[in-house]
Chemist: 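A single structure is presented below for examination.
Heads up: numbering here begins at 1 and tracks the sequence. Given the structure is predicted, the values throughout are model-derived calculations rather than measurements.
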Amino acid sequence: MSESQLWHDVDDYFTTQLSPNDEALDAAVRDSEAAGLPPVAVTAPQGKFLQLLAQIQGARTILEIGTLGGYSTIWMARGLPADGRLISLEYSARHAEVATRNIARAGLDRIAEVRVGPALESLPKLADENPAPFDLVFIDADKANNPRYVEWALRLTRAGSLIVVDNVVRQGRVVEAGSTDPDVVGSRAAVELIARHPRLSGTALQTVGSKGHDGFALARVLA
């Protein structure tokens, strides 16, 4: 058995035991695939992890940067109370249309809202609304802008809020200091921003699984 097949099999086992999909999640995956969306959504164990983070945090408000087909959105929205609020920012109108249908089918359209447009244009508009601070921010969009998304997350959160930045390992290429790949450069810049920012305490973890070798950074807002 290859190493990658073993990772996949372990993911399948954990999914079956701890985070099985239901009809709404399965349909979200099917519809995303049918619409030709890239197969880069979080896995079921990762989705359950985000849901548990929201619940452990006692989150009432979540900001997601990068919706794709709404699979991760559904997981996180299910971690909110009935009067909670999740705002998800999606660049692609086509992706947002698929996600909105998936969220509605899951019965979460009163909690979760998808806003369309470049996140760096949507975020200032969101800030102008003076929303309540977000308790959890999940960043899973274009990696080149990760540090800018972290900076915006800081503006829109409070002491005690959590910020998750996905896909920072880049199959191990995050260690390549001389890389010119925008995704690697953006991931390194986000990690280094978390490391030096006086308002953040963070860590990063490598993961392996059905999506290969990757990982995420997790930071807590201090003040």
Chemist: Using modelled atom types and a 3.5 Å cut-off, is there a donor and acceptor pairing between side-chain atoms of Asp142 and backbone atoms of Ala144?
Modeler: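 Absent.
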Chemist: With a 3.5 Å distance limit and no angle check, can you tell me whether Glu90 reaches the backbone of Leu68 through a side-chain donor-acceptor pair?
Modeler: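 Here the side-chain-to-backbone pair exists.
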Chemist: Show which residues join Trp7 in its hydrophobic cluster (side-chain heavy-atom contacts under 4.5 Å, direct or indirect), or state none.
Modeler: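 Result for Trp7 is Val208.
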Chemist: Would you say Lys143's side chain and Asn167's backbone share a donor-acceptor pair under 3.5 angstrom?
Modeler: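 Absent.
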Chemist: Other residues, nucleotides and ligands only: do more than 12 of their heavy atoms fall within 6.0 Å of CZ on Arg94?
Modeler: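 Buried by this count: over 12 neighbours within 6.0 Å.
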Chemist: Going by side chain to side chain contact (heavy atoms under 4.5 Å, CB included), name the residues that satisfy it together with Ala54, two or more places apart in sequence or in a different chain.
Modeler: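 Only Ala59, Ile62, Leu136 meet the side chain to side chain contact (heavy atoms under 4.5 Å, CB included) criterion with Ala54.
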Chemist: Yes or no on side chain to side chain contact (heavy atoms under 4.5 Å, CB included) for Tyr71 and Thr43, after CA distance, side-chain angles and deciding distance?
Modeler: CA-CA 9 Å; Tyr71 183 79; Thr43 63; over 6 Å; no
Chemist: Could you tell me which residues satisfy side chain to side chain contact (heavy atoms under 4.5 Å, CB included) with Pro133, sequence neighbours excluded, listed by chain and number?
Modeler: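 So Pro133 forms a side chain to side chain contact (heavy atoms under 4.5 Å, CB included) with Arg158.
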Chemist: Can you list everything that forms a side chain to side chain contact (heavy atoms under 4.5 Å, CB included) with Ile111? Sequence neighbours excluded, please.
Modeler: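 Side chain to side chain contact (heavy atoms under 4.5 Å, CB included) check on Ile111 returns Ala77, Leu80, Leu108.
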Chemist: Salt bridge (Lys or Arg N to Asp or Glu O under 4.0 Å): which pairs involve residues 145-155, sequence neighbours left out?
Modeler: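 Counting only pairs at least two positions apart or across chains, no salt bridge (Lys or Arg N to Asp or Glu O under 4.0 Å) contact touches residues 145-155.
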Chemist: Which other residues end up in the same hydrophobic cluster as Leu222, if Ile, Leu, Val, Met, Phe, Trp and Tyr are linked when side-chain heavy atoms come under 4.5 Å apart?
Modeler: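 Under the 4.5 Å side-chain rule, Leu222 groups with nothing.
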Chemist: Quick one, Asp22 with Arg78, criterion salt bridge (charged side-chain N to carboxylate O under 4.0 Å, His left out). Give me CA distance, side-chain angles, the key distance, then yes/no.
Modeler: CA-CA 12 Å; Asp22 53 32; Arg78 286 177 170 178; 2.7 Å; yes
Chemist: In Å, rounded to the nearest 0.5 Å, how long is the span from CG of Asp31 to CG of Leu37?
Modeler: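 Output value for this atom pair is 10.0 Å.
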Chemist: Restricting to non-hydrogen atoms, name the atom on Val116 and the atom on Ala96 that form the minimum distance, rounded to 0.1 Å.
Modeler: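 Taking Val116 first and Ala96 second, the nearest heavy atoms are CG2-CB, 3.4 Å.
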Chemist: Give a yes or no answer on whether the side chain of Asp214 reaches the backbone of Arg170 with a donor-acceptor pair at less than 3.5 Å.
Modeler: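 Yes, because the side chain of Asp214 sits within donor-acceptor range (under 3.5 Å) of the backbone of Arg170.
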Chemist: Indicate every side-chain donor-acceptor pair of residues 183-192 with a distance under 3.5 Å to a residue at least two apart or in another chain.
Modeler:
unit_1 : atom_1 : unit_2 : atom_2 : d
Ser187 : OG     : Asp183 : O      : 2.8
Arg188 : NH1    : Val174 : O      : 2.6

Chemist: Linking I/L/V/M/F/W/Y whenever their side-chain heavy atoms sit closer than 4.5 Å, directly or via other members, would Val164 and Leu123 fall into one cluster?
Modeler: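 Shared cluster, no.
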Chemist: As a test of understanding, state which of Ser88, Ser92, Ser72 forms a side chain to side chain donor-acceptor pair (under 3.5 Å) with Thr67.
Modeler: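 Per the side chain to side chain donor-acceptor pair (under 3.5 Å) rule, the option paired with Thr67 is Ser88, out of Ser88, Ser92, Ser72.
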Chemist: How close do Pro45 and Thr15 get, heavy atom to heavy atom, and via which atoms?
Modeler: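 So the two residues come closest at CD-OG1, 3.2 Å.
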Chemist: What distance do Leu200 atom CG and Arg220 atom CZ have between them, rounded to the nearest 0.5 Å?
Modeler: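 That separation rounds to 11.0 Å.
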Chemist: State which residues pass side chain to side chain contact (heavy atoms under 4.5 Å, CB included) with Gln55; sequence neighbours excluded, sorted by chain then number.
Modeler: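 With neighbours one apart ignored, the set is Gln51, Leu52.
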Chemist: Looking at every heavy atom in both Arg105 and Ala28, which two are closest together, and how far apart are they?
Modeler: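 Looks like NH2-N, 3.8 Å.
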Chemist: Got a second to check how far Glu3's CD is from His8's NE2, nearest 0.5 Å?
Modeler: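 Answer for the CD-NE2 pair, Glu3 versus His8, is 14.5 Å.
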Chemist: Measuring only between side-chain heavy atoms, which start at C-beta, is Val114 closer than 4.5 Å to Glu97?
Modeler: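 Not in contact.
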Chemist: In this structure, would Val137 and Leu86 fall into the same cluster of hydrophobic residues linked by side-chain contacts under 4.5 Å?
Modeler: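 Cluster IDs for Val137 and Leu86 differ.
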Chemist: Applying side chain to side chain donor-acceptor pair (under 3.5 Å), can you list everything that pairs with Gln57, at least two apart in sequence or on another chain?
Modeler: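 Gln57: no side chain to side chain donor-acceptor pair (under 3.5 Å) contacts found.
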Chemist: Within this structure, what is the CG-CG distance for the pair Leu162 and Leu53, rounded to the nearest 0.5 Å?
Modeler: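 Result: 6.0 Å between the selected atoms.
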Chemist: Is the side chain of Asn102 donor-acceptor paired with the backbone N or O of Gly69 at a distance under 3.5 Å, no angle test?
Modeler: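 Side chain of Asn102 to backbone of Gly69, a donor-acceptor pair under 3.5 Å: yes, one is there.
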Chemist: Count I, L, V, M, F, W, Y as connected when their side-chain heavy atoms are under 4.5 Å apart, and connections chain through other members. Are Leu18 and Val10 then in the same cluster?
Modeler: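 Yes, one cluster joins them.
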Chemist: Do you know which two heavy atoms are closest between Leu126 and Pro131, and how far apart they sit?
Modeler: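 Looking at all heavy atoms of both residues, the closest pair is O-CD, 3.2 Å.
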Chemist: Quick check on the hydrophobic clustering: are Phe14 and Leu25 connected, directly or via other members, by side-chain heavy-atom contacts under 4.5 Å?
Modeler: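 No, separate clusters.
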Chemist: How far does CD1 of Ile163 sit from CG of Leu63, to the nearest 0.5 angstrom?
Modeler: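 If we round to the nearest 0.5 Å, Ile163:CD1 and Leu63:CG are 9.5 Å apart.
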Chemist: If you look at every heavy atom in Pro147 and Leu193, which pair is closest and at what distance?
Modeler: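 Nearest pair, atom of Pro147 first, then Leu193: O-CD2, 3.5 Å.
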Chemist: Between Glu121 and Pro118, is there a donor-acceptor pair closer than 3.5 Å when you use the side chain of the first and the backbone of the second?
Modeler: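 No: the side chain of Glu121 does not pair with the backbone of Pro118.
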Chemist: With sequence neighbours excluded, tell me which residues meet salt bridge (Lys or Arg N to Asp or Glu O under 4.0 Å) with Glu129.
Modeler: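 For Glu129 the salt bridge (Lys or Arg N to Asp or Glu O under 4.0 Å) partners, ignoring immediate neighbours, are Arg115.
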Chemist: What is the distance from atom CG of Asn145 to atom CD1 of Ile65, rounded to the nearest 0.5 Å?
Modeler: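 Output value for this atom pair is 10.0 Å.
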Chemist: Suppose the criterion is ring pair (Phe, Tyr, Trp, His ring centres under 6.0 Å): which pairs have a residue in residues 202-223, not counting sequence neighbours?
Modeler: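 For residues 202-223, and leaving out neighbouring residues, the ring pair (Phe, Tyr, Trp, His ring centres under 6.0 Å) pairs sorted by first residue read Phe49-Phe216.
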Chemist: Indicate yes or no for a side-chain donor-acceptor contact from Thr61 to the backbone of Asp135 under 3.5 Å, with no hydrogens or angles considered.
Modeler: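 Judged by distance alone, yes, a pair lies under 3.5 Å.
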Chemist: For a quick test of reading the model, state the closest non-hydrogen atom pair linking Ala112 to Ile103 and the distance between them.
Modeler: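 So the two residues come closest at CB-CG2, 3.8 Å.
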Chemist: Does the side chain of Thr100 reach to within under 4.5 Å of the side chain of Asp109, using non-hydrogen atoms?
Modeler: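 Side-chain contact under 4.5 Å: no.
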Chemist: Consider only side-chain heavy atoms of I, L, V, M, F, W and Y, link residues closer than 4.5 Å, and tell whether Ile139 and Leu154 are in one cluster.
Modeler: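 Result: yes, single cluster for both.
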Chemist: Provide the full list of ring pair (Phe, Tyr, Trp, His ring centres under 6.0 Å) pairs with a residue in residues 105-156, sequence neighbours left out, each pair given once.
Modeler: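 As it turns out, there is no ring pair (Phe, Tyr, Trp, His ring centres under 6.0 Å) pair with a partner in residues 105-156 once direct neighbours are skipped.
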Chemist: Is there side-chain contact between Arg60 and Pro81, with heavy atoms separated by less than 4.5 Å?
Modeler: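 They are in contact (side-chain heavy atoms under 4.5 Å apart), so the answer is yes.
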